[in-house]
Amino acid sequence: MTEHIPVRKRKGAETRARRTMTAKEGAARLGVSPRTVQRIIAEPREEFEARAQERRERAAALRASGLKYKEIAEEMGISTGAVGALLHEARKSSVSS
């Protein structure tokens, strides 16, 4: 029997640190609006898009190497449904799969 491995430690999985409070809670603490807190802590759009593109390319490369959806999911630490979505988006953005 294999030991359950948390998503954060799976090979290839990258998770951002979870926030300890909501934007509404932070806004109340700081005396600003929730939107101000969201703007301050948000990941820059360019970084998000670059990271998303890397994930799509990695999924497409693994699929091109002959791996099945389940194997790709295990390698990347995501669900098979997420693999399907990544490959679909990769095909839409003309990344070879």
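The minimum heavy-atom distance between I72 and A59, with the atom names listed, is CD1-O, 4.0 Å. Between S33 and A27 the shortest heavy-atom distance is C-CB, 3.5 Å. Closest approach of R55 and I78 over heavy atoms only: NH2-CG2, 3.3 Å. Considering every non-hydrogen atom in both E75 and R58, the closest pair reads OE2-NH2, 3.1 Å. Residues A23 and Q38 share a closest heavy-atom pair of CB-CG, 3.7 Å.
Checked for salt-bridge contact, E89 and K92 meet the test: a charged N lies under 4.0 Å from a carboxylate O.
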Subject >> Worked verdict on L62 versus V83 for side-chain contact (heavy atoms from CB on, under 4.5 Å) >> reply: CA-CA 10 Å; L62 291 170; V83 171; over 6 Å; no
Original post:
Which is it for E49 and Q53 under the side-chain contact (heavy atoms from CB on, under 4.5 Å) test, yes or no, and what are the steps along the way?
Top reply: CA-CA 6 Å; E49 289 176 350; Q53 182 63 31; over 6 Å; no
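Rounded to the nearest 0.5 Å, atoms CZ (R51) and CD (E54) are 9.0 Å apart. Between the CG atom in L86 and the CZ atom in R63 there is a gap of 13.0 Å [rounded to 0.5 Å]. Distance check: S93 OG to H88 NE2 gives 10.0 Å after rounding to the nearest 0.5 Å.
In this structure the side chain of R39 reaches within 4.5 angstrom of the side chain of R35, judged on heavy atoms. Counting only heavy atoms from C-beta outward, the side chains of V32 and I40 never approach each other to under 4.5 Å.
The hydrophobic clustering, which links ILVMFWY residues whose side-chain heavy atoms are closer than 4.5 Å, places I41 and M21 apart.
Judged by distance alone, with hydrogens and angles left aside, the side-chain atoms of E71 form a donor-acceptor pair with the main-chain N or O of K68 at under 3.5 Å.
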